[in-house]
Amino acid sequence: MAYIAVKGMQDIYKDQAASFNYIEEVFKAVCNLYGYHEFRTPILEYTEVFDRSTGESSDIVRKEMYTFLDKGDRSVTMRPEFTAGVIRSVVENKLYATEDLPIKACYVGPVFRYDRPQLGRYRQFTQAGVECIGQDSARVDAETICLAIQILSMLGFENLTLKINTIGDAESRAKYREALKAYFEPKISTMCEDCQQRIKLNPMRILDCKVEADQEIAKGAPKMKEFLSEASEKRFYETLSIIHDLGIEYEIDDSLVRGLDYYGEVVFEIHAKSKAGIDYGALLGGGHYDGMLKTFGGPEMAGVGFAFGLERVYSVMKDNDLFKELDNGLDVYVMPVGESVLDDVFELTSEIRTLGYSAETPFAALKLGSQFKKAEKRGAKFAIILGEDELAKGVAQIKNLKTQEQKEFKLDQLEETLDDAFGEDDDDGCGEPHEHSKEETK
Ligand code: HAM
């Protein structure tokens with residue numbers, strides 16, 4: 001049997017892992033600017049957590065959950081999204097009563113959906129997102145959208161499309177569902193099996209159908225805006241007006257209903273095609289919700305949030321060369337010349353690391369040519385070369401691997417030499433401040 005990763009799941013390593021870390025760092029830094037704090041909820045939840053909130057009519061709950069019985073015969077599910085778990089946690093820990101409101105939670109981690117694997121669609125993927133819980137206002141919704149845009153802008157995205165819609169309050173949605181039912185009923189026998197279920201469970205889900213023929217039929221369906229209550233309409237235009245004032249461009253998309261059951265009022269998605277025109281699907285999706293805390297036994301409290309998939313964001317960034325500034329290279333490769341200096345070079349490498357510079361050395365004596373090849377593969381900026389003669393004189397050679405300039409330095413002046421080398425490297429425009437790791441480790 002060949003040992004391969006489970007279908008729809010992938011290994012992430014080296015540059016891709018570094019890129020994921022970078023995306024997460026930017027995400028957390030921007031969340032911090034808005035006063036968010038990290039939540040780490042379990043990957044496994046009791047199945048009811050998702051059944052009851054994410055929704056019985058959503059494809060995710062109906063078809064895509066990794067659900068199984070644990071050894072105690074309890075039905076558990078690997079989270080297909082974060083929102084339900086975060087709200088469960090807020091209610092279980094009574095944070096709505098003990099914390100200042102709104103609670104601003106951000107999170108990042110793996111989620112699991114038994115979906116059909118295809119471009120931009122995996123069975124295990126990584127979501128980063130936020131939930132702002134406990135204050136109901138168009139301004140909170142607008143701030144959340146602004147945060148989403150700022151995260152993607154800080155990652156270097158330029159041509160983002162913010163699609164926004166309202167699915168109104170519960171009353172507006174009930175009227176809309178009736179109207180959709182009446183519209184689809186005469187046509188439903190020609191539509192896909194899923195839609196035949198959707199009309200019974202929640203006809204709004206038909207608008208999410210990916211089958212082309214069904215999408216054609218859905219184009220003629222009544223629009224949500226015809227059924228909006230006055231309050232929901234006012235709320236929507238208030239949100240639009242705030243985000244407009246913040247300089248955020250948007251596109252009202254009245255077919256946008258989102259695939260999860262908990263939403264009410266404003267919903268949104270952010271899309272961006274890669275330079276090559278590849279569409280990996282929505283980068284980010286979110287919206288407002290009202291009844292979730294109550295579902296878990298908490299008070300009636302509103303929330304709003306979004307999540308984005310790191311895999312999709314990574315793919316577009318890679319296609320658009322947005323990682324070119326990222327430097328994952330080594331600061332110094334330390335080269336022993338001959339067996340006899342291996343121990344000294346090992347110690348020197350360790351000393352360089354304690355000074356805050358990343359460093360590596362081969363663990364055995366290698367020809368200098370091979371060592372330079374290794375240094376190049378590791379993206380090293382400098383080589384320090386130490387042989388027996390130099391060691392006896394208390395000196396070593398330092399070589400800038402970009403300019404090929406080489407000079408001797410005194411081993412007892414290691415720190416000054418490295419500081420100078422990296423300082424000079426920055427001064428002559430060769431590098432950005434993040435080009436070596438000293439600042440980050442200090
Ligand atoms: P969602 O739209 O289901 O929303 O997922 C959010 C994002 O996760 C998508 O925009 C996409 O980038 C990524 N994603 C979804 N499915 C896959 C997949 N199979 N493979 C790769 N990436 C995927 C939610 O999950 C909501 N919990 C968002 C939210 C938070 N709403 C309110 N608060």
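We number each residue from 1, following the sequence as shown. Order of appearance sets the numbers: ligands from 1, and atoms from 1 within every ligand. None of these values were measured; they are calculated from a predicted model.
Within the 4.0 Å heavy-atom criterion, the part of Arg312 lying near ligand 1 is the side chain and not the backbone. For Tyr107, every heavy-atom contact with ligand 1 shorter than 4.0 Å involves the side chain, none the backbone. Neither the backbone nor the side chain of Glu269 has a heavy atom within less than 4.0 Å of ligand 1. Contacts of Phe82 with ligand 1, taken as heavy-atom pairs under 4.0 Å, are absent altogether. Contacts between Val313 and ligand 1 below 4.0 angstrom, taking non-hydrogen atoms only, are absent altogether.
The protein heavy atom nearest to atom 31 (N) of ligand 1 is Tyr263 OH, 2.6 Å. For atom 5 (O) of ligand 1, the closest non-hydrogen atom of the protein is Gln127 NE2, 3.1 Å.
If you number the atoms of ligand 1 from 1 as listed, the ones under 4.0 Å from a heavy atom of Gly309 come out as 7 (C), 8 (O), 11 (C), 12 (O), 13 (C). Near Glu131, meaning under 4.0 Å from one of its heavy atoms, ligand 1 places the atoms 30 (C), 32 (C), 33 (N). The distance from ligand 1 to the heavy atoms of Gly120 drops below 4.0 Å at these ligand atoms: 20 (N), 21 (C), 22 (N). Here is the list of ligand 1 atoms found below 4.0 Å of a heavy atom in Leu284: 10 (O).
Residue Glu311 places no heavy atom under 4.0 Å from ligand 1. Using a 4.0 angstrom heavy-atom cutoff, Ala282 counts as in contact with ligand 1.
Taking distance alone, with nitrogen or oxygen atoms compared against 3.5 Å, Tyr289 stays at or beyond that limit from ligand 1.
The distance between the ring centers of Phe382 and Phe422 falls below 6.0 angstrom. Aromatic ring centroids of Tyr333 and Phe372 lie 6.0 Å or more apart.
In this structure, Asp115 and Tyr122 have side chains that are not in contact, with every pair of non-hydrogen atoms separated by 4.5 Å or more.
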